[in-house]
Amino acid sequence: MASKIIKSKCPVCGVSFTVPVPDNAKVAKLQCGKCDHVFELKVADPDPMPEGTIIGDGEERDPKGTVIAPVKSHYEPRLECEGKVYALHDGRQTVGRYGEHVVADVRLNVDDRTMSRHHVVIEVKRSATGVSVTLTIDEAKHDTVVNGVKLMKGDVVALNDGCRMRFGATELIYRD
């Protein structure tokens, strides 16, 4: 079970993402969701939090309790599938199974012919009021299920942390 989050950057395309790793991990094997480059990252112990910092969507306070500055929540949307993590970037991106001549932005490296190579579109929008993530059925020729509900072409669904999805026969979890 992952209990700490590390931030990384793909050495090939430069996309930034975060991934969960077990506490005892010394090395994490990562695959970029944009360019599919696989690389290893040494996992260092995290720096201790400064005194007075509240973790989460709280506020940073000095030892007397005076608010110093708001703590910005960290939000890195991603898909988890078969032990791999695929980062999602801001904007519109197509998601599908990996294959020759695939043009999907996020190519899931799975052996599942029931997942289309251009299965869904996921859009990440950031604004001053927060982040919204939606999934739209695109060119899927096979089933797409989100939290137990089968979707049809053109359906749009908001994704929240922990959403369980099935593209064809492949199970995925959305994380933010």
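Hydrogens, waters and symmetry mates are skipped; everything else that's a heavy atom, side chains included, is used.
The nearest pair of heavy atoms linking S116 to K141 is OG-N, 2.9 Å. For the residue pair N160 and Y174, the shortest heavy atom distance occurs at O-CD2, 3.2 Å. Closest approach of R78 and A87 over heavy atoms only: CB-CA, 4.2 Å. What you find for R113 and H142 is that their closest heavy atoms are O-NE2, 3.6 Å. The heavy-atom pair separating C81 from T170 by the smallest distance is SG-CG2, 3.4 Å. Shortest non-hydrogen contact noted between D112 and R97 is O-CD, 3.0 Å.
Using modelled atom types, no side-chain atom of T94 and backbone atom of H118 make a donor-acceptor pair closer than 3.5 Å. In this structure, the side chain of N147 does not engage the main chain of C163 through any donor-acceptor pair within 3.5 Å. Panel note: side chain D176, backbone E76; no donor-acceptor pair is recorded below 3.5 Å. Checking side-chain atoms of Q93 against main-chain N and O of G91 turns up a donor-acceptor pair under 3.5 Å. Of the possible polar contacts, none joining the T134 side chain to the A158 backbone as a donor-acceptor pair under 3.5 Å is found.
Using a 4.0 Å cut-off between charged side-chain N and carboxylate O, R92 and E123 make no salt bridge.
Inter-residue side-chain proximity for V95 and D105 is flagged as unmet; no heavy-atom pair is nearer than 4.5 Å. Put simply, the side chain of L88 reaches to within 4.5 Å of the side chain of V106, judged on heavy atoms. Here the side chains of I137 and V157 are not in contact, with every heavy-atom distance at 4.5 Å or above. The closest side-chain heavy-atom distance from M115 to L108 is below 4.5 Å. Looking at E80 and L172, their side chains never come closer than 4.5 Å, going by heavy atoms from C-beta outward. At least one side-chain heavy atom of V110 sits less than 4.5 Å from a side-chain heavy atom of E82. Residues Y86 and N109 meet the side-chain proximity criterion, which asks for heavy atoms closer than 4.5 Å.
Rounding to the nearest 0.5 angstrom, the gap separating the OG1 atom in T144 from the CE atom in M152 is 10.0 Å.
By the criterion of side-chain heavy atoms lying less than 4.5 angstrom apart, applied directly or through intervening Ile, Leu, Val, Met, Phe, Trp or Tyr residues, V149 is not grouped with V121; the two fall into different hydrophobic clusters. M165 and V156 fall into different hydrophobic clusters, defined by Ile, Leu, Val, Met, Phe, Trp and Tyr side-chain heavy atoms under 4.5 Å apart, directly or through other members. Cluster annotation: V146 is connected to V131 through the hydrophobic network of ILVMFWY side chains, with a link wherever side-chain heavy atoms come within less than 4.5 Å. Residue V85 is not grouped with residue I173 when hydrophobic side chains (ILVMFWY) are merged at heavy-atom distances under 4.5 angstrom, including chains of intermediate members.
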T136 and L151: CA distance, side-chain angles, deciding distance, side chain to side chain contact (heavy atoms under 4.5 Å, CB included) verdict: CA-CA 9 Å; T136 305; L151 304 176; over 6 Å; no
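D90 meets the side-chain contact (heavy atoms from CB on, under 4.5 Å) test with V124, R126; sequence neighbours excluded.
The list of side-chain hydrogen bond (donor to acceptor under 3.5 Å, both in side chains) pairs with a residue in residues 148-157, not counting sequence neighbours, reads D143-K150.
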